[in-house]
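Comments concern the structure below.
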Amino acid sequence: MNYNFAEEYDVIVVGGGHAGCEAAWASAKMGARTALFTMNVDLIAQMSCNPSIGGIAKGHIVREIDAMGGVMGLVADRAGIQFRLLNRSRGPAVQSPRAQCDKSLYRLEMKKLLESNPALDLKQNEIVDLVVDNARVLGVEVIDGRLIRAEAVVLTTGTFLNGLIHVGEKQFAAGRAGETPSLRLATRLKDLNFPVGRLKTGTPPRLDGRTIDFSKFTPQDSDLNPVFFSFCTKKFYQPQIACYLGHSNQRIHQIIRDNLHRSPLYGGVIKGIGPRYCPSFEDKVVKFPDRSSHQIILEPEGLETNEIYVNGLSTSMPVDVQQAIVREIPGLEHAKMIRPGYAIEYDFVQPTELHSWLETKRLSGLFHAGQINGTTGYEEAAAQGLMAGINAALHAMRRQPFVISRSEGYIGVLIDDLITKGVDEPYRMFTARAEYRLLLRIDNADTRLTTKARSLGLIEADRLKHFERKYLLINSLLEFLHRCRLQESDPALKDFLTRHGFELKGRTLHELLKRPDVRLTDFLSCWNCEEKNFSDVNMQDVITAVEAQVKFEGYIMQQQIEIKKLGALENEKLPTNIDFRGIHGLSVEIKQKLTLMRPATFGEASRIPGVTPASLTAIRIYLICRDRMRDKPSILKRLTV
């Protein structure tokens, strides 16, 4: 079929949210001619909900995005107005950075960064259709009827696919408050027989900070020595401000109970499933009736606005009920509501439809990233966008796809979970989801991923030089710890040993640092580094990396051995033409799941719920015999149903 294309690109990205920004940046950075289409270019990278980046496990993801040459970490550092390291008192594997951001500044900084890329065009238009021919995507159609050609298309539609907002008894179609939804594209995906489901998320009311008595809340200040997201950031870009901690009470909970019949969530109006780990406030009251209070945090949305985000109070109750709830919180008795909270339902496509490189199995050249895959959270979306953008560019260049494994990053854990397990509720990342989390710390994200990013063209030479300088220092410090014995130490170290009652003469500093009550900073002054001019390196990252490597050396080695043992299984490919239905020894349920999900490797197959080690053995035996007995069909037939 002949099409009249008005323009032509290598890669088209649909949607200007966090997934779309990373996808477009990565694709263009790799040299692919890229266009990002969004309904409003002034709302690129809009923080639709919470004005923050990072958090438990999410901060790990942002660090990995930065290590891969992505932009979320850089922009968050530039727009950050409060930085906190979460789980600081716990081990390094679960410590994670979080930043409160100036919402408007974040959006402006992201747009400015995207506009600086000469291979990237920003386009304000609605995509209403996909141009498809012979199970392959050829481009897109915009709302004015023009066709735009592309070798690859990345869909990052967020909550816009058939979006429906709920506020009490009222519902209206929207992709976000004040923005139109994407209806024709949602219909097109269903017509293409993609398995489409329905999910739900929500936001809390926003208040006027001038009408709040902050003295009745507990202030939470920024860390004095923050952990930034980007490995290149060395300082604060913005003034730092506090957030404020408070709690609900039984009076508020009773208001919820008295008005549950007006809730679209409990009245049966909302059909989509909401995020388990970020429930609405009415959900908390119903599901935790014994709790006398729930935490609420007042979070400023920026330095130049009075708008306050009420974290913990997400709700779709009617506006009058929301106002009554707010007025019962100490300090908010006279608070004025700027915007009410609401819930939004939207379409998503089951991510089991995807290969591990985020290309759909159904259509060649079509990639999905973000909430269209059933995830929730800016960080999860951005990570998928980065990977989809990389692989869309590789597809356009006729190169092999790029995949991060579970042992290499949280990004790998995220994508592998999605494509092998699917979702029945919005997916959120936690450190507990990563079986090798001791190896996937925030301090070593660049060690794991930066050289990979360099090979893809995502990392500049000066960034690579900075990375190499950092690990030169780490290796130099580790060598010093192994070499320096306590009797050879300087007076400062001897004084430290005396004060702490250590009698370890003849042992090395490396052995001393293994003790839980010893920190590297206790004797760092003894290190006379032979390297010069390393002021560009963040020494806190160096110290953290060395401490973790020394203190958890045994556990790290154990996990590395485990990874090697499982490596063969993980990477052993399954033939694309394998007919799971014909393998003897598999249950009907397992045959159905394997046929539906089409795992590319034994590793992917092993993580599909219900697929047992015995099932994998049956598959392997079948494949071995099939290869050996191709010329003996009578024997092969016995292995099949």
Side-chain angles (χ1 to χ4, degrees), residues 16-23 25 43-88 94-114 156 158 201 203-204 220 222-223 226-233 235-243 275 277-278 297 299-303 305 307 309 311-312 369-371 375-386 409-411 414 428-431 442 445:
H18 303 285
C21 290
E22 295 292 346
W25 174 264
L43 294 179
I44 280 175
Q46 171 78 336
M47 303 177 96
S48 308
C49 194
N50 192 7
S52 71
I53 297 293
I56 302 301
K58 293 171 178 282
H60 289 72
I61 291 175
V62 182
R63 274 250 163 157
E64 291 180 359
I65 290 170
D66 181 73
M68 284 292 300
V71 289
M72 175 174 267
L74 282 170
V75 175
D77 286 345
R78 293 177 186 177
I81 54 179
Q82 188 205 61
F83 291 86
R84 293 173 66 87
L85 182 66
L86 306 185
N87 282 343
R88 188 181 286 273
V94 296
Q95 293 177 0
S96 197
R98 182 187 186 274
Q100 196 72 19
C101 293
D102 185 306
K103 179 183 286 189
S104 297
L105 186 58
Y106 185 93
R107 190 176 67 238
L108 292 172
E109 287 288 340
M110 182 65 79
K111 186 182 179 188
K112 182 167 65 175
L113 198 60
L114 296 180
T156 68
T201 189
T203 70
Q220 291 185 320
S222 179
D223 290 344
V227 174
F228 296 110
F229 290 112
S230 175
F231 288 95
C232 296
T233 302
K235 62 177 182 179
F236 290 119
Y237 283 88
Q238 307 300 329
Q240 298 297 289
I241 61 176
C243 294
Y277 302 103
C278 188
I297 303 177
E299 301 179 343
E301 296 222 338
L303 297 172
T305 179
E307 196 166 348
Y309 178 96
N311 193 337
Q371 284 176 292
T375 60
T376 181
Y378 305 149
E379 303 81 5
E380 289 90 340
Q384 294 169 71
L386 174 76
Y410 277 87
I411 294 175
L414 164 67
R428 178 181 176 182
M429 178 56 70
F430 292 100
T431 53
I442 59 173

Note to self: Would Ile81 and Leu105 count as a side chain to side chain contact (heavy atoms under 4.5 Å, CB included) here? Give the steps.
What the structure shows: CA-CA 10 Å; Ile81 54 179; Leu105 186 58; over 6 Å; no

Next item on the list: Begin with the C-alpha distance, continue with both residues' side-chain angles, and end with the deciding distance and a verdict on side chain to side chain contact (heavy atoms under 4.5 Å, CB included) for Cys21 and Leu114.
Entry: CA-CA 8 Å; Cys21 290; Leu114 296 180; 3.8 Å; yes

Checklist line | side chain to side chain contact (heavy atoms under 4.5 Å, CB included) evaluation trace for Leu113 with Arg78 | finding: CA-CA 11 Å; Leu113 198 60; Arg78 293 177 186 177; 4.0 Å; yes

Next item on the list: Kindly determine whether Met110 and Trp25 satisfy side chain to side chain contact (heavy atoms under 4.5 Å, CB included), including the steps that lead there.
Entry: CA-CA 10 Å; Met110 182 65 79; Trp25 174 264; over 6 Å; no

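With Gln82 as the fixed residue, the side-chain contact (heavy atoms from CB on, under 4.5 Å) test singles out one of Cys101, Cys243, Pro226: Cys243.
With values rounded to the nearest 0.5 angstrom, Glu380 atom CD is found 9.5 Å from Gln371 atom CD. From Met47, atom CE reaches atom CG of Asp102 across 9.5 Å, with rounding to the nearest 0.5 Å. Going from atom CG of Asp223 over to atom CZ of Arg98 covers 11.5 Å, rounded to the nearest 0.5 Å. For the atom pair CZ of Phe83 and CD of Gln238, the computed distance is 9.0 Å after rounding to the nearest 0.5 Å. Considering CG of Leu386 and CG of Asp66, their distance stands at 10.5 Å, rounded to 0.5 Å. Summarising the geometry, atom CG belonging to Asn50 is positioned 6.0 Å from atom OH belonging to Tyr378; distances are rounded to the nearest 0.5 Å.
Residue pairs meeting the ring-ring contact (aromatic ring centres under 6.0 Å, His included) criterion with at least one partner in residues 49-77, sequence neighbours excluded, are His60-Tyr410.
In terms of heavy-atom proximity, Cys49 sits nearest to Tyr309 at SG-OH, 3.0 Å. Taking every heavy atom of both residues into account, Gln100 and Pro51 meet most closely at NE2-CG, 3.3 Å. Residues Ile65 and Ala383 approach most closely at CD1-N, 3.6 Å, considering heavy atoms. When all heavy atoms of Ala99 and Phe229 are compared, the pair lying nearest together is CB-CE1, 3.5 Å. Here the shortest heavy-atom pairing between Gly55 and Ser96 reads O-OG, 2.5 Å. Summarising the geometry of Phe231 relative to Ala67, their closest heavy-atom pair is CE1-CB, 4.2 Å, with the distance given to 0.1 Å.
Within the 4.5 Å cutoff, side-chain heavy atoms of Ile297 are placed close to those of Gln220. Between Pro239 and Leu303, some side-chain heavy-atom pair lies under the 4.5 Å cut-off. The closest side-chain heavy-atom distance from Thr376 to Cys278 is not below 4.5 Å.
Between the Thr156 side chain and the Gly370 main chain, no donor and acceptor come within less than 3.5 Å of each other. Checking side-chain atoms of Asp77 against main-chain N and O of Thr233 turns up no donor-acceptor pair under 3.5 Å. In this structure, Gln95 contributes its side chain and Leu85 its backbone to no donor-acceptor pair below 3.5 Å. Looking at Glu379, its side chain never comes within 3.5 Å of a backbone N or O of Ile53 through a donor-acceptor pair. Between the side chain of Glu109 and the main chain of Ala76, no donor-acceptor pair closer than 3.5 Å is present.
Between the side chains of Ser52 and Glu299, no donor-acceptor pair of N or O atoms lies under 3.5 Å.
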